[in-house]
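I have placed the structure first, in the form of structure tokens, so that the comments after it can refer back to it.
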Amino acid sequence: MPRVRPRWWTELLLIVVVYGAYSGARLLARGDVSTAVENGLSILRLERALFLNPEEPLNDLFTQEAWLGIPSSFAYASLHYLVTPAILVWLFRRRAAHYRLMRTWLMGSTLMGLIGFTLMPTSPPRLLHDRHGFTDSLSQYSEYGWWGDEASAPSGMGDMTNQYAAMPSLHVGWAVWCGVALWYFGPRTWWMRALAVGYPLITVMVVMGTANHYFIDALAGIAVMIAGLLLARPLMRLAERFQERLGLVRSASASRGGATPAGPYAPERTDGARSADRSEAELARTSGGSRT
């Protein structure tokens with residue numbers, strides 16, 4: 001069966017709808033502040049009991065050393081919203097054979113993160129009482145950037161974000177997704193491999209050092225991405241069946257008979273195409289599913 005790539009306008013519409021629904025639901029899922037604070041304190045107590053609280057010394061370091069705190073604040077406020085879309089567009093244009101799996105993985109994991117925000121509103125370390133020893137790095141260095149005292153939103157727009165959505169950390173989750181994309185589908189050079197590993201690791205340190213997440217939030221973000229990867233192929237098959245029922249695409253049997261897929265999917269160019277390359281096979285084994 002020929003490879004198919006979604007048309008750009010259907011993908012843009014899908015991303016806008018999903019991101020809009022995610023952002024709106026995220027705001028509606030703010031929850032009770034006292035519950036969010038208690039959940040944050042419970043995480044902090046657990047980490048301290050297990051000696052898994054690196055956010056505390058990291059936050060002290062970022063607070064005392066402006067040469068670390070300022071670039072980390074810029075990184076937290078911007079890279080999350082720039083790097084992920086850029087890699088998504090790159091996959092669409094340059095790695096079309098892998099795009100649908102990666103897009104489905106990202107969106108599925110993001111929506112699962114919303115479940116976490118809803119079920120467990122959590123105060124980040126920076127919003128705990130001062131006696132717990134955390135400093136809001138973005139607030140401390142706000143004079144250097146566009147953000148204000150409320151999360152990473154531009155100054156005066158704090159009401160447009162949910163500050164109690166610390167669990168899980170999608171900053172970390174999305175960074176892991178970016179790292180996997182660069183590792184498997186980027187050039188096989190040492191600097192690309194270093195970037196694929198370094199970007200998620202730096203993101204973990206940034207979100208903790210700026211007091212926006214606990215270490216357990218970061219682990220939860222990674223867990224959400226693993227779950228999303230395992231569900232990506234079943235979700236793709238479910239979406240294809242739904243499209244067939246609506247008549248948006250022809251059935252697989254019709255496609256094997258020589259028909260061209262209709263609707264929002266068009267045949268991928270086959271110049272030099274291969275049935276599968278090593279990177280897709282490795283990722284398929286990771287996700288535990290057969291190719292569709």
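In this chain, numbering begins with 1 at the start of the sequence shown. Worth saying up front: this structure is predicted, and the values here are computed from it rather than measured.
For Glu47, the salt bridge (Lys or Arg N to Asp or Glu O under 4.0 Å) test picks out no residue, with sequence neighbours left out. With sequence neighbours left out, the side-chain contact (heavy atoms from CB on, under 4.5 Å) criterion links Leu201 to Val197. Looking at residues two or more places apart in sequence or on another chain, you find a side-chain contact (heavy atoms from CB on, under 4.5 Å) between Ala175 and Tyr199, Pro200, Thr203. Applying the salt bridge (Lys or Arg N to Asp or Glu O under 4.0 Å) criterion to Glu65, with sequence neighbours excluded, gives no partner residue. The side-chain contact (heavy atoms from CB on, under 4.5 Å) test applied to Leu235 returns Thr104, Leu231, not counting sequence neighbours. Annotation: salt bridge (Lys or Arg N to Asp or Glu O under 4.0 Å) contacts of Arg48 (sequence neighbours excluded): Glu56. For Phe74, the ring-ring contact (aromatic ring centres under 6.0 Å, His included) criterion is met by Trp146, Trp147, not counting sequence neighbours. Qualifying side-chain contact (heavy atoms from CB on, under 4.5 Å) partners for Ala66, counting only residues two or more places apart in sequence or in other chains: Ile70, Tyr141.
In this structure, Tyr99 and Phe92 have perpendicular ring planes: the angle between them is above 60°, well past the 30° mark.
Within the 3.5 Å criterion, the main-chain N or O of His80 finds no donor-acceptor partner in the side chain of His171. Proximity of a side-chain donor or acceptor of Trp90 to a complementary backbone N or O of Arg95 within less than 3.5 Å is not detected. Although no hydrogens or angles enter the test, the distance criterion places no donor-acceptor pair under 3.5 Å between the side chain of Asn212 and the main chain of Val207. The backbone N or O of Pro168 sits nowhere less than 3.5 Å from a side-chain atom of Asp217 that would complete a donor-acceptor pair. Between the side chain of Ser142 and the backbone N or O of Ser139 there is at least one donor-acceptor pair closer than 3.5 Å.
Salt-bridge check for Arg45 with Glu38: passed, with a basic side-chain N closer than 4.0 Å to an acidic carboxylate O.
Interatomic distance, Leu182 CG to Ile87 CD1, rounded to the nearest 0.5 Å: 4.0 Å. With rounding to the nearest 0.5 angstrom, the CE atom of Met107 is 6.5 Å from the CG atom of Leu88.
Asn59 and Gly133 make their closest contact through OD1-O, 4.1 Å (heavy atoms, listed as atom of the first residue, atom of the second, distance).
Grouping Ile, Leu, Val, Met, Phe, Trp and Tyr by side-chain contacts under 4.5 Å, direct or through others, puts Leu119 with Ile115.
Inspection of the Trp174 and Thr110 side chains reveals an N or O donor paired with an N or O acceptor under 3.5 Å.
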